[in-house]
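The structure appears below as structure tokens.
Chain letters run A, B, ... following the sequence lines, proteins first and then strands; every chain starts at 1. Keep in mind it's a predicted model, so treat the numbers as computed, not measured.
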There are 2 protein chains.
Amino acid sequence: MTSATPARPPGRPRSGVNDVVFAATLSTVHELGYARATVERIAAAAGVAKTTIYRRWPTKGALIVDCLLDAFGPVPVDGGSKAAILSGAIRWIAGKIGEPGVGDAFAGVFSDAVSDPGLRLILATRLQDPYRIALQDALGEPEQRVLFFIDVVVGTLLHRLGMTGVPMVEADVDALVDMVLPVFG
Amino acid sequence: MTSATPARPPGRPRSGVNDVVFAATLSTVHELGYARATVERIAAAAGVAKTTIYRRWPTKGALIVDCLLDAFGPVPVDGGSKAAILSGAIRWIAGKIGEPGVGDAFAGVFSDAVSDPGLRLILATRLQDPYRIALQDALGEPEQRVLFFIDVVVGTLLHRLGMTGVPMVEADVDALVDMVLPVFG
DNA sequence: CATTTGCGCTACCTTAAGTTTCGAAACCTC
DNA sequence: GAGGTTTCGAAACTTAAGGTAGCGCAAATG
């Protein structure tokens, strides 16, 4: 019979520094901005060799995406009215984008994806799809409409952050909710 | 008495290749994407030396912004109802973003601005402000609301382009208009 | 102890932005 | 036409960053 827990592969196991690298990534991006947060600097901040990072993530973009997945966690899709689900999702992502480092990393990796189809695929499948599917299930809306919803919400929040360097204030998030609810609620 | 036409400065006058460079910029961005459209390649496509470009624009970002200003031209603010002005502006910018090279250059320069405050300033003052002011005057709306409008419209359109590589289809532009009009009309 | 794999380190390759230098060309004034 | 001033094109250069390769050592399994 095959064991339920797969046998540990031979050789030295990886040290558990992923969380340290994620924290170093966010703090470095927060302090220096996305472009100046080089892999070398992130590695130094994490107390780790650059090669260790490239053994775990193939590119800087993949590292950032995993870091964001770790920072976001699961979507809080509390059962409730459609309006409650939508406004909850908007306020949740707006709050995350306001956390130090998270918004900059989010906007930065989107930036790189503009001219990098490989990164665009990672972004779509690893980051966007899980949240899109969760929203589809919770709302019972077709894929197209949920994608449009995501474009509006994330696009607006990131455009504000990118143009001003400051996350959107609460009053404008309220306005965003008020604008979106009649269409999707 | 001082002459109405200021005396031409001494030395060899600049050749009139700005338009050629703009066209080469858009076609190169369209063919290769933003990141691979290097200044050297743009110069080669324009039949011009790289140093000539750097004599006229201090950075790649400044070149792109001027190229976009040339491509956009003035906002078509036809007098009419608020709703007509708003939907006209949305469809106009959506159309421009759909032109080959323009959308990619727009998204790309926004990308760079995320971690480049200097470029952000150029972008805000040279590109965004004229259109924002024109809209403020035409709509009689305060600055904050017009900025929010721009964040929603441009953010949504660029997020779609950045995530998919394809400009937003007309049906979704219609949905964007329908969503925005009740709030701003 | 033998094997296998991860880590840190260093050196390296490649690409791209932006700079410098220099000889030649174009324009103006005298 | 001569001299002065600025631009152009070409090439070499600097710097920064992403990403790779090789090495010796450490940590696990058997």
Side-chain angles (χ1 to χ4, degrees), chain A residues 3 5-21 24-25 28-29 32-67 105 108-109 111-119 122, chain B residues 3 5-18 20-21 24-25 28-29 32-67 105 108-109 111-116 118-119 122:
Chain A
S3 166
T5 59
R8 181 198 302 204
R12 173 175 174 171
R14 286 191 166 168
S15 63
V17 292
N18 277 28
D19 289 348
V20 179
V21 173
T25 300
T28 305
V29 168
L32 304 179
Y34 184 78
R36 297 184 57 197
T38 68
V39 176
E40 295 222 13
R41 276 192 254 259
I42 291 171
V48 154
K50 183 169 73 156
T51 43
T52 296
I53 291 188
Y54 278 107
R55 270 184 213 106
R56 300 175 184 217
W57 297 278
T59 63
K60 177 181 176 180
L63 164 64
I64 301 286
V65 169
D66 268 15
C67 181
V109 76
S111 307
D112 285 353
V114 168
S115 48
D116 182 344
L119 178 55
I122 294 178
Chain B
S3 167
T5 58
R8 183 197 306 208
R12 174 175 176 171
R14 286 191 167 169
S15 62
V17 292
N18 278 27
V20 180
V21 173
T25 300
T28 305
V29 168
L32 305 179
Y34 183 79
R36 297 184 57 196
T38 68
V39 175
E40 296 222 13
R41 276 193 254 258
I42 291 171
V48 153
K50 184 169 71 156
T51 42
T52 296
I53 291 188
Y54 278 108
R55 267 183 217 109
R56 300 174 185 217
W57 297 278
T59 63
K60 177 181 175 180
L63 164 64
I64 301 286
V65 169
D66 269 15
C67 180
V109 76
S111 306
D112 285 354
V114 169
S115 47
D116 182 344
L119 178 55
I122 294 178

Write down the distance between [atom1] ([X]) and [atom2] ([N]), rounded to a whole number of angstrom.
| X | N | atom1 | atom2 | answer |
| --- | --- | --- | --- | --- |
| B/N18 | D/dC8 | CG | C1' | 14 Å |
| B/D112 | C/dG18 | CG | P | 9 Å |
| A/I42 | D/dG19 | CD1 | C1' | 14 Å |
| A/Y54 | C/dC7 | OH | C1' | 17 Å |
| B/E40 | C/dT14 | CD | P | 16 Å |

Working to the nearest 0.5 Å, report the span between [atom1] of [X] and [atom2] of [Y].
| X | Y | atom1 | atom2 | value |
| --- | --- | --- | --- | --- |
| A/S111 | A/L119 | OG | CG | 10.0 Å |
| B/T25 | B/I42 | OG1 | CD1 | 4.0 Å |
| A/K60 | A/I53 | NZ | CD1 | 11.0 Å |

* Report the residue (B/A35 or A/G16) whose heavy-atom-nearest nucleotide on DNA chain C is the more 5′ of the two. => A/G16

* To do: Establish whether the base of C/dG8 is bridged to the side chain of A/K50 by a donor-acceptor pair shorter than 3.5 Å.
  => no

* **Check: B/T51 side chain, D/dG9 base, donor-acceptor under 3.5 Å** => yes

* Asked: salt bridge (charged side-chain N to carboxylate O under 4.0 Å, His left out) with B/D112: which residues, sequence neighbours excluded?
  -> none

* Between D/dA17, C/dA17, D/dG9, which nucleotide gets closest to the side-chain atoms of B/T38? -> C/dA17

* Using only side-chain N and O atoms of A/T52, determine if any of them is under 4.0 Å from OP1 or OP2 of C/dG8. => yes

* Asked: Residues from residues 55-67 of chain B sitting under 4.0 Å of DNA chain D, heavy atoms only?
  -> B/R55, B/R56

Do you know which two heavy atoms are closest between [X] and [Y], and how far apart they sit?
| X | Y | result |
| --- | --- | --- |
| A/A49 | A/A43 | C-CB, 4.0 Å |
| A/V114 | B/G108 | CG1-N, 4.1 Å |
| A/G61 | A/V109 | O-CG2, 4.1 Å |

* Asked: Is any side-chain heavy atom of B/W57 closer than 4.5 Å to a side-chain heavy atom of B/I64?
  -> no

* A/V17 side chain reached by A/R56 side chain, heavy atoms, under 4.5 Å -> yes

* To do: Using a 4.0 Å cut-off on protein heavy atoms (strictly under), produce a 5'-to-3' string for nucleotides 25-30 of chain C with B for base contact, S for backbone-only sugar-phosphate contact, and - for none.
  => BBBS--

